[in-house]
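Whatever order the structure lists them in is the order used to number ligands and atoms, beginning at 1.
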Amino acid sequence: MDVLAPLMIPENADVDTYIYVQGGHFLPKVKPYVPKLKAAKGGELLKMGTKFRDRYYIQGLIGRGGYGQIYYGIDTRSYEEIAIKTEPTRRRGCSSRRMFLEQRVLYRLQGRPHVPTMLASGHTEKINFIMMQLLSVNVGDLKKQSPVKRLSRTTTARIILQGVAALRDVHSAGFLHRDVKPANMCFGITQFSRHVLKLVDYGLVRRYKNADGTIRKPRTRPGFRGTLRYVSVRVHDRMEQCPADDLVSMVYSGVECLLVDLPWKLYPSDEYRRSKLEFQSSDSPYLALTGVEYCEFSRAVFSLNLGEEPDYGALQALLTEMVGDKLMTDAYDWEENYRECIETSPCNDANFAINMF
Ligand SMILES: Nc1ncnc2c1ncn2[C@@H]1O[C@H](COP(=O)(O)OP(=O)(O)OP(=O)(O)O)[C@@H](O)[C@H]1O
């Protein structure tokens, strides 16, 4: 079946800005994606300019996480650009198991639209590695690149809508992500994937359902897993995590995109729990700043019944008005020089200033 609606090239348009796809269809050309690379500062697990496994040419370093490093490479057989996630096989004298888990979970989730494609995985004497499809700069960095350090309502709503869909897929496979945050959300980089959100980093995943679909017995005091700024109050209280906790982190991620920072960022970390509780209270002025629709969505997530499967569709429906007349395939803020967030900056609004200070 032909899935592309014919696109009329606008009159007077520069024909060079369109590409011919198939049977009379044209699509706007997209600038090729060039990843921002970090300078080497020693301790790299792969050497730049060398060929890994006699096949993958290492072009540079995309990022350093708490556990490993992500490299930009070229597959010299297919000429495809790829991302290579690496971690040392041994950490503090023990063998690292994080990437084995991530590889197993990624394998199980292949084919889901919001999960990066895994191309290969394995280990050498020194490193464990996963080769993945190359993705864009993460949403946290896209927000930092905005001149007003925030994203527009329509872009944020579309990110969170897709984020909820991503969590539905992870949860329905019986897993919790446990590290939802803007830095773990990227977009595709091709003509067809550049508006598709991908959830990355499955290193903290935990299975919460048994093979028969029943919920695993909760532990009395599980260890802390997640990123302190984004975890729910229940995680501060060391309760066993459930799908609602991933969704709370998704809510906080959206709040950060909309309001520059999360309110607790101003406090020392031992005040985060109190500040999160205050934020979730019914008269929170800070939550009100996110707007009626996002407020309603957040409240629906905060009041989820922990024993029940969340109704992901109903949660998404609460955000549809916030998307306005934008399509999921329309340009996002970074594709139009952050025009919409500059024009709608709440800093120009007197009420915003009164509520903030
Ligand atoms: N496939 C990919 N393509 C491009 N960039 C990626 C890809 N996967 C991850 N990244 C980038 O690398 C960063 C770190 O990735 P990831 O979170 O998987 O590593 P990590 O070592 O587990 O990090 P942390 O310990 O901080 O959670 C991400 O924030 C993202 O910007």
Side-chain angles (χ1 to χ4, degrees), residues 32-40 43-46 52 56 58-75 80-92 96-107 109-110 112-121 123 127-145 159 163 166 170 175-190 193-194 196-206 224-231 235 246 249-250 252-253 256-257 334:
Y33 174 71
V34 184
K36 277 213 174 99
L37 299 177
K38 295 205 168 8
E44 280 75 37
L45 298 170
L46 295 178
F52 176 59
Y56 305 98
I58 307 301
Q59 294 270 77
L61 187 64
I62 298 176
R64 283 186 188 84
Y67 294 85
Q69 299 162 356
I70 314 274
Y71 290 86
Y72 168 52
I74 309 276
D75 181 345
E80 239 182 290
E81 295 174 297
I82 55 165
I84 309 167
K85 183 166 176 172
T86 57
E87 71 169 9
T89 43
R90 294 190 76 74
R91 240 174 95 82
R92 297 197 197 111
S96 329
R97 303 217 43 85
R98 198 178 142 114
M99 204 166 274
F100 287 126
L101 170 73
E102 178 158 18
Q103 177 267 332
R104 279 209 336 254
V105 174
L106 268 176
Y107 182 74
L109 295 173
Q110 286 304 284
R112 316 249 173 173
H114 301 287
V115 173
T117 306
M118 183 168 69
L119 305 164
S121 66
H123 63 93
I127 61 161
N128 300 322
F129 65 87
I130 296 177
M131 316 265 184
M132 282 179 281
Q133 85 179 103
L134 181 69
L135 299 170
S136 75
V137 173
N138 69 63
V139 168
D141 286 341
L142 288 167
K143 171 190 159 291
K144 278 187 210 145
Q145 285 168 19
I159 290 172
V170 174
F175 298 110
L176 300 172
H177 185 279
R178 302 199 300 177
D179 203 14
V180 173
K181 54 183 176 183
N184 282 341
M185 298 177 209
C186 297
F187 280 84
I189 56 165
T190 68
S193 67
R194 72 201 160 105
V196 180
L197 185 91
K198 304 276 179 180
L199 197 54
V200 301
D201 195 359
Y202 292 80
L204 289 187
V205 157
R206 180 175 164 82
F224 178 86
R225 292 288 182 280
T227 302
L228 200 58
R229 194 190 298 175
Y230 303 95
V231 295
V235 178
D246 275 346
S249 303
M250 191 58 78
Y252 293 162
S253 302
E256 191 172 58
C257 292
W334 45 92

Sidechain-backbone polar pair: Tyr33 side chain, Val137 backbone, donor-acceptor under 3.5 Å: yes
For Tyr67, atoms of ligand 1 separated by under 4.0 Å from a heavy atom: 21 (O), 25 (O)
Gln133 side-chain N/O to Thr117 backbone N/O, donor-acceptor pair under 3.5 Å: yes
Asp201 with Lys181: basic N within carboxylate O range, under 4.0 Å: no
Contact atoms of ligand 1, heavy-atom distance to Asn184 under 4.0 Å: 17 (O)
Thr86 (side chain) donor-acceptor with Gln69 (main chain) under 3.5 angstrom: yes
Ligand 1-proximal atoms of Asp201, by part, heavy-atom distance under 4.0 Å: both
Minimum non-hydrogen distance to atom 3 (N) of ligand 1, winning option of Leu135, Ile84, Val139, Ile189: Leu135
Separation between OG of Ser193 and CG of Leu135, rounded to the nearest 0.5 Å: 7.5 Å
contact_flag Gly63 ligand 1 heavy-atom lt 4.0 Å: no
Subset of ligand 1 atoms that lie under 4.0 Å from at least one heavy atom of Gln133: 1 (N), 2 (C), 3 (N)
Residue, atom name and distance, where the atom is the protein heavy atom closest to atom 5 (N) of ligand 1: Ile62 CG2, 3.9 Å
Protein contact to atom 25 (O) of ligand 1 [nearest heavy atom, distance to 0.1 Å]: Gly66 N, 2.8 Å
Plane angle bin for Phe129 and Phe52 - parallel if under 30°, tilted between 30 and 60°, otherwise perpendicular: perpendicular
Nearest neighbour in protein (non-hydrogen) for atom 31 (O) of ligand 1: Asn138 ND2, 2.9 Å
Side-chain donor/acceptor of Gln110 to backbone N/O of Met118, under 3.5 Å: yes
Contact check: Glu102 vs ligand 1, nitrogen or oxygen atoms, below 3.5 angstrom: no
Residue portion contacting ligand 1 (non-hydrogen atoms closer than 4.0 Å) for Arg98: side chain
Close approach of Gly68 to ligand 1, heavy atoms, under 4.0 angstrom: yes
Residue, atom name and distance, where the atom is the protein heavy atom closest to atom 23 (O) of ligand 1: Gly65 CA, 3.3 Å
Whether Gln145 side chain and Trp334 backbone form a donor-acceptor pair below 3.5 Å: no
Residue and atom name of the nearest protein heavy atom (relative to atom 9 (C) of ligand 1), distance in Å to one decimal: Ile70 CD1, 3.9 Å
Numbering as shown, the atoms of ligand 1 that approach Asp179 to under 4.0 Å (heavy-atom distance): 27 (O)
Proximity of Ala83 to ligand 1 by residue part, where a heavy atom lies under 4.0 Å: side chain
Stepwise ring-ring contact (aromatic ring centres under 6.0 Å, His included) test for Tyr71 and Tyr56: CA-CA 11 Å; Tyr71 290 86; Tyr56 305 98; over 10 Å; no
Proximal atoms of ligand 1 relative to Lys85 (non-hydrogen, under 4.0 Å): 16 (P), 18 (O), 19 (O), 20 (P), 22 (O)
More than 12 heavy atoms of other groups within 6.0 Å of Arg91 CZ: yes
Ala183 heavy atom under 4.0 Å from ligand 1: yes
Contact summary for Ile82 and Ile74, nearest pair of heavy atoms: CG1-N, 4.4 Å
